[in-house]
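For reference, the structure discussed in these notes is given below.
Lettering follows sequence order; numbering is per chain, from 1.
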Number of protein chains: 2
Amino acid sequence: MAARAGGQGGKQPTINDVAAMAGVSKKTVSRVINRSEFISDKTRKSVQQAIETLGFVPNPQARALAFRRNFLIALLHDNPNAQTVLNFQQGVLDAIKDSDLALLVRPVDRGSDKLLDDVRLFLEKQRPIGAMLLPPISENDDLAKICEDLGVRYVRVGSAPLDDARHCVSSNDREVVAEAVGKLIALGHRRIGFVRGPAGFRSAAEREEGFRAALAAAGLSLPDELYAPGNYRYTAGVEAGEAMLSLEEPPTAVFVSNDEMAAGVMSVAHGKGLSVPADLSIIGFDDSPTATHIWPALSTVRWPIREMGSRAARTLVADFLGSGAKAADDENPVMPSTFIERQSVAPPRG
Amino acid sequence: MAARAGGQGGKQPTINDVAAMAGVSKKTVSRVINRSEFISDKTRKSVQQAIETLGFVPNPQARALAFRRNFLIALLHDNPNAQTVLNFQQGVLDAIKDSDLALLVRPVDRGSDKLLDDVRLFLEKQRPIGAMLLPPISENDDLAKICEDLGVRYVRVGSAPLDDARHCVSSNDREVVAEAVGKLIALGHRRIGFVRGPAGFRSAAEREEGFRAALAAAGLSLPDELYAPGNYRYTAGVEAGEAMLSLEEPPTAVFVSNDEMAAGVMSVAHGKGLSVPADLSIIGFDDSPTATHIWPALSTVRWPIREMGSRAARTLVADFLGSGAKAADDENPVMPSTFIERQSVAPPRG
DNA sequence: CTTGCTTTTGACACCGGTGTCTTTTAGGAC
DNA sequence: GTCCTAAAAGACACCGGTGTCAAAAGCAAG
């Protein structure tokens, strides 16, 4: 009973059915499907008519076999953060929902020494038309090279340009961080702490550079005790907060490299009876849901990850469809991050 | 240059290469790949040897075409919450990472009147071996029926059993909520507010029933002003909090149907200068990252979504592999949620 | 050494499309 | 009307596997 229900005979119509109905060869139908230009309008119309009538949908597996390419986009990530991945996914799906592409998700383990082999095998098997690399694995040049070798288009997502425009979508973390920190300085803050992201992450480095640039521009320095390492996790924020807020002369403001760690710093402040923002101003990064869920709502930098997802997908699709589609080159691959002011920033006391 | 790099001749070995090397027919190789039992040990070994030597990996597209089935698992969801979806994904991936299945993600729009057609078309095209339905769309019986019709195995995920054990993985929200609320009562709370999830969500109904059961067991009633509708979003929590905490006689504790809304209620409390938990105890649901990011850390019910993902995937795989694999039936399809005590609960004042 | 099974293996068509190359058709020039 | 060329359509192999059914091989019994 199962799998045999439905229309006439219970099977999907195939290209042969369409060909028979339109009175042409299957190759001609194939040409219509693939929008070949060597076809007369008359034939095209009658074939389209038949396709319509039968409700024909080309079988993707067969096409994949013949094309030696699957109509899929692969998303490779090492889950830096659930929200980031899902927002990105959402952006990708926004972009491909009207194409007949589907999204294949593949988490990988950047720590594994089999990383490269895993990815290569995965791409060889699935043969997607394109792959998207999320940070931090987007920073791995070997992965990009594998894609190149395998003829899989790819786009790398990062906090700063990682590759040429065809292969990269990035944000401008550095500038925006500098801008945000500039505002703290303008408010009168002089002792400003910094909590860094994990070593080896380009985003962490970019944010640090933005931070330092802002200090430098104002002639301020960053004492060692106001600099904390971190790993983008809540607990690192807690540790950094505990260290800095126990100082004899604690900072009046902190820039924290992501929202999750910022939440950790804020918890410590609350725990010590400090008022945010009156006693301590905090700025985070990402504009994750956490930023608005905590109290007071966190001033942060909105990272346009969903838009980057759409953009990355459009780049792949345009590239795949060839010159016909609007080339991606005329779009700027740098998507602006923006500083969002909420309630966690105020002038320093006194 | 691209796509032609690599080993000898630059192409993947095919089943024919293996057959030639082992001196058998391709059908025999196919039998080895598919673990057919009608094969002599001697032949099997020599074929496996050849497969090994050549590094042969069967082409999934070709198999999909011949099998009329893709080696994919589809995840259908209507993004109830990013964290939920991603955790579930993670669970699925834990379970399938050693099989040669891949995960296809498909968000759908439950509001759309084309929902059923969309899903049907998607499944007809992709022909995954199985599909997983996340709440709230898992509650839609028509979707399950479509899977059934198309011969796609499916698993529905929910807050209570939605289907028979082969087709469902669920948690026991009701009991655990009752348990959690029971603890509030045991601490001495008598005026306990409730913030509900969206209408039409089974999880919302289950949690409400658990809540009411706990009150009933203690002989307490739920006055109208302590009952707030909600939609699982932060802002709904804020609204509910504003309404309840402006009452002349505000509740001393609230059970909120998810963490995100609980964060909203907590913000309002902070804004009104109320201390949590001294003035107001709050319990949430989900154990999302938000629960630990806010201050004070939220007591909540941990919803085992990742485990449910693994379990759902294992059910599909076992079903697919047939009787050979451990049948799913001997596992209990109800995964226990657990109450987690953190800092947002205390006895009522005075 | 046959005979009669059962177990293994192979030949060949087929899944549903696309690539290549050939043939047919359509048009324009003469 | 004939010839030539470009555009359109078709024939057929092929992508890399699996299903079906027939043939070959293995083996116990006669």
Side-chain angles (χ1 to χ4, degrees), chain A residues 3 9-48 50-51 54-72 100 124-127 129 151 320 322, chain B residues 3 9-48 50-51 54-71 100 124-127 129 151 320:
Chain A
K11 295 193 62 171
Q12 295 292 310
T14 74
I15 198 171
N16 293 304
D17 302 327
V18 176
M21 177 170 223
V24 299
S25 74
K26 59 195 274 199
K27 180 67 221 193
T28 298
V29 177
S30 168
R31 290 197 177 96
V32 173
I33 297 170
N34 293 293
R35 300 194 183 70
S36 158
E37 42 189 337
F38 303 110
I39 248 204
S40 71
D41 276 357
K42 190 161 136 270
T43 321
R44 187 196 317 279
K45 290 222 175 81
S46 82
V47 171
Q48 273 167 341
I51 289 180
L54 292 170
F56 166 72
V57 179
N59 176 317
Q61 284 76 42
R63 291 232 278 172
L65 180 58
F67 268 135
R68 286 177 203 68
R69 196 101 282 173
N70 238 327
F71 287 68
L72 295 173
D100 33 49
E124 275 177 353
K125 282 187 67 168
Q126 298 299 335
R127 299 177 185 236
I129 63 162
F320 173 62
Chain B
K11 295 192 64 169
Q12 294 294 309
T14 73
I15 198 172
N16 293 304
D17 302 328
V18 176
M21 176 169 225
V24 299
S25 73
K26 59 197 272 202
K27 180 67 221 192
T28 298
V29 177
S30 167
R31 290 197 177 94
V32 173
I33 297 170
N34 293 293
R35 299 193 182 71
S36 159
E37 41 188 339
F38 304 112
I39 248 203
S40 70
D41 275 357
K42 192 163 136 266
T43 321
R44 187 197 317 279
K45 289 221 177 83
S46 83
V47 170
Q48 273 167 341
I51 289 179
L54 292 170
F56 166 72
V57 178
N59 176 317
Q61 285 75 43
R63 296 184 89 193
L65 180 57
F67 269 135
R68 288 175 198 69
R69 194 102 285 171
N70 238 327
F71 287 69
D100 33 48
E124 274 177 354
K125 282 186 67 168
Q126 297 298 336
R127 299 179 186 235
I129 64 164
F320 174 62

Rounded to the nearest angstrom, tell me the gap between atom [atom1] in [X] and atom [atom2] in [N].
X: Phe38(B); N: dT9(C); atom1: CZ; atom2: P; value: 12 Å
X: Ile15(A); N: dC12(D); atom1: CD1; atom2: P; value: 17 Å
X: Phe71(A); N: dC15(D); atom1: CZ; atom2: C1'; value: 14 Å
X: Lys27(A); N: dG16(C); atom1: NZ; atom2: P; value: 18 Å
X: Lys42(B); N: dG26(D); atom1: NZ; atom2: C1'; value: 12 Å
X: Ile33(B); N: dG17(D); atom1: CD1; atom2: P; value: 6 Å
X: Glu37(A); N: dA6(D); atom1: CD; atom2: P; value: 16 Å
X: Ile51(B); N: dG16(D); atom1: CD1; atom2: C1'; value: 14 Å

Checklist entry - So does Arg63(A) get a side-chain nitrogen or oxygen closer than 4.0 Å to the phosphate oxygens (OP1/OP2) of dT18(C)? => result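 Affirmative; the distance criterion is met.
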
Checklist entry - OP1, OP2 of dC15(D) versus side-chain N and O of Thr14(B): anything below 4.0 Å? => result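 So the side-chain polar atoms of Thr14(B) never come under 4.0 Å of the phosphate oxygens OP1 or OP2 of dC15(D).
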
Base, sugar-phosphate alone, or nothing: which one does [X] contact when heavy atoms must sit under 4.0 Å apart?
X: Leu65(A); result: base
X: Val24(A); result: sugar-phosphate
X: Asn16(B); result: nothing

Next on the checklist: Taking the nucleotide of DNA chain C with the nearest heavy atom to each, does Arg127(B) or Lys26(B) sit closer to the 5' end?
Outcome noted: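 Nearer the 5' end of the strand: Lys26(B).
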
Checklist entry - Mapping Ser30(A) and Arg68(B) to their closest nucleotides on DNA chain C, which lands nearer the 5' end? => result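 Closest to the 5' end, via its nearest nucleotide, is Arg68(B).
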
Side chain of [X]: nearest nucleotide among [options]?
X: Asn59(B); options: dG19(C), dG16(D), dG17(C); result: dG16(D)
X: Thr43(B); options: dT20(D), dT8(C), dT18(C); result: dT8(C)
X: Arg31(B); options: dA9(D), dC15(C), dC21(D); result: dC21(D)
X: Thr28(A); options: dT20(D), dG10(D), dG17(D); result: dG10(D)
X: Ser25(B); options: dA11(D), dA11(C), dG17(C); result: dA11(C)
X: Phe56(A); options: dG17(C), dG17(D), dG10(C); result: dG17(C)

Checklist entry - Closest approach of Lys26(B) and Ile15(B), non-hydrogen atoms and distance? => result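 Shortest heavy-atom separation between Lys26(B) and Ile15(B) comes out as O-CD1, 3.5 Å.
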
Checklist entry - Have Ser25(A) and Thr28(A) got a donor and an acceptor in their side chains that come within less than 3.5 Å? => result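 Their side chains do contain a donor-acceptor pair, which is all the 3.5 Å distance test asks for.
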
Next on the checklist: Looking at Phe38(B), I'd like to know if the NZ or CZ of Arg31(B) sits under 6.0 Å from its six-membered ring centre while staying within 45 degrees of the ring's axis.
Outcome noted: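 Arg31(B) over Phe38(B) ring: no.
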
Checklist entry - When you look at Ser46(A) and Thr43(A), which way does the side-chain hydrogen bond (donor to acceptor under 3.5 Å, both in side chains) test go after all the steps? => result CA-CA 5 Å; Ser46(A) 82; Thr43(A) 321; 5.9 Å; no

Checklist entry - So among Arg127(A), Gln61(A), Arg63(A), which one has a side-chain contact (heavy atoms from CB on, under 4.5 Å) with Phe71(A)? => result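 Checked Arg127(A), Gln61(A), Arg63(A) against Phe71(A); only one passes side-chain contact (heavy atoms from CB on, under 4.5 Å): Arg63(A).
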
Checklist entry - Where do Phe67(A) and Ile129(A) land on the side-chain contact (heavy atoms from CB on, under 4.5 Å) test, with the steps shown first? => result CA-CA 10 Å; Phe67(A) 268 135; Ile129(A) 63 162; over 6 Å; no

